[in-house]
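Quick notes on the structure that follows.
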Amino acid sequence: MNKPLLNTIVNPLLSWYYSSARVLPWRDNPTPYRVWVSEIMLQQTRVDTVLPYFERFVAALPDIASLAQADEQQLLKLWEGLGYYSRVKNMQKAALTVMKLYNGKLPASFEALKELPGIGAYSAGAISSIAFGLRFPAVDGNVLRVISRITASADDITDIPVKKRIEQQVTEILPTEAVGDFNQSLMELGATVCLPNGAPRCDICPLKHLCLGFEHGIAAELPVKTVKAAKRAEAKTVLVMVCGDKLGVTKRKKTGLLAGMWELPNIDGALSMEECITVVKDMGLSVNEIQPLTEAKHIFTHIMWNMMGYLLQVNEARNDSITWVSPKDLKERMALPTAFKAYIRHYYAYLNSNTGR
DNA sequence: AATACGGGGGG
DNA sequence: CCCCCAGTATT
């Protein structure tokens, strides 16, 4: 029913895209591998954040074969700070499948791509259209917002059927030529002009003359989304344990939050200095000095960590659970989540204050 | 249909 | 603070 309206956006949008699109490294040389890597990195992540990660990743792992055989810690290190770490593990699983089933080349098939771990409807459509020129839609948050505004739709875009309907609407207007460019033009408009949070730049929009949301003065009110659940708060006590110039780290379990990454040893709850000393002694370590550190907060999508920390100088002892690492190894090898950044800083500050003596 | 899963940028 | 982001997998 909106097809006549939506059909009219195709040519203006493509023209605008060819004159105004940002220059991005994965657009320069859109091999299937580079498009794949970029699309996975861009899941729930802004372009500016991705740029340095993308260049470093494809330089270290230039093809699917090298990704397939990479060490997991190397993968996590390349992804360190980018978040949603299962993305890179799923990419490696997919790379192994591609080596086995498709002779090391990504299949030029929407259905086959969507079967691969980490590739859902959006990413399969993006790779299909951008890397292979196949006529499939790539409907991300940008596109849901742009289409909602153009059609003045107040439907809740968190609703699965609504999302399916918009995918269908976009499918109907996909051009036969330059389908990848068209999909990107919709996203590009959403990312640079049809901005979220009630801040669309209708003044500079190439589609304002045909946008129903603009015509009715409700573009800023759209799209409609249901609110998400509140995040829970957790108290943590983080240990910055130093032995000589080495730092004590532990590895997180294989599943769940920050799976498989290294971290500073930490205990649930806010421990007093005395409780902290007891815990560390129970780990088989002897404490020479202890000093409370500043509090820190880290906010995940669904959890908030309220952290207290202690700097401890300890003697090395028989202990299976702690790994002692040099500053160099910490920097070059260990993948640490951003949540511990505040306390890692205390470790480096400690090293600096010691070299002065 | 709801929840788990990171982190950062901008109002 | 709150919102949202070139989403996917699991329950």
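Just so it is clear, the model here is predicted, and its values are computed rather than measured. Proteins get letters first, then strands, A, B, ... in listed order; numbering begins at 1 in each.
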Shortest side-chain distance from [X], nucleotide among [options]:
{"X": "A:R46", "options": "B:dG6, B:dG8, C:dA9", "result": "B:dG8"}
{"X": "A:R87", "options": "B:dA1, C:dG7, B:dG6", "result": "B:dG6"}
{"X": "A:H302", "options": "C:dA6, B:dG7, B:dC5", "result": "B:dC5"}
{"X": "A:L258", "options": "B:dG6, C:dC5, C:dT8", "result": "B:dG6"}
{"X": "A:P337", "options": "C:dA6, C:dG7, B:dG7", "result": "B:dG7"}
{"X": "A:Y84", "options": "B:dG6, B:dA1, C:dA6", "result": "B:dG6"}
{"X": "A:N197", "options": "C:dC4, C:dA6, B:dC5", "result": "C:dC4"}
{"X": "A:Q43", "options": "C:dG7, C:dA6, B:dG8", "result": "C:dG7"}
{"X": "A:S123", "options": "C:dA6, C:dA9, C:dG7", "result": "C:dG7"}

Counting Watson-Crick and G-U wobble pairs with both distances under 3.5 Å, what is the dot-bracket string for DNA chain B, 5' to 3', using [ ] for crossing pairs and | for pairs to another strand?
|||||.|||||

Scan side-chain atoms only and decide if A:Q74 and A:R333 contain a donor-acceptor pair under the 3.5 Å cut-off.
no

Does the B:dA4 base have a donor-acceptor partner in the side chain of A:R232 within less than 3.5 Å?
no

Taking C:dA6 as the reference, what is the distance to B:dA4 when you measure between their P atoms (whole Å, please)?
24 Å

Using atom P in both nucleotides, what's the gap between B:dG6 and C:dT10 to the nearest angstrom?
14 Å

Just to be sure I understand the rule, does A:A121 reach a base, reach only the sugar-phosphate, or reach nothing, if contact means heavy atoms closer than 4.0 Å?
sugar-phosphate

Heavy atoms only, 4.0 Å cut-off, all strands: where does A:L186 land among base, sugar-phosphate and nothing?
nothing

Between A:K225 and A:D156, does any side-chain N to carboxylate O distance fall below 4.0 Å?
no

B:dG6 phosphate, OP1 or OP2, under 4.0 Å from A:H298 side-chain N/O:
no

Closest-nucleotide mapping onto DNA chain C: is A:K297 or A:M187 further toward the 5' terminus? I mean the 5' end.
A:K297

Exactly one of A:Q43, A:K114, A:E39 should register a side-chain hydrogen bond (donor to acceptor under 3.5 Å, both in side chains) with A:Y122. Which one does?
A:E39

Residues from residues 48-76 of chain A lying under 4.0 Å of DNA chain C - heavy atoms
none

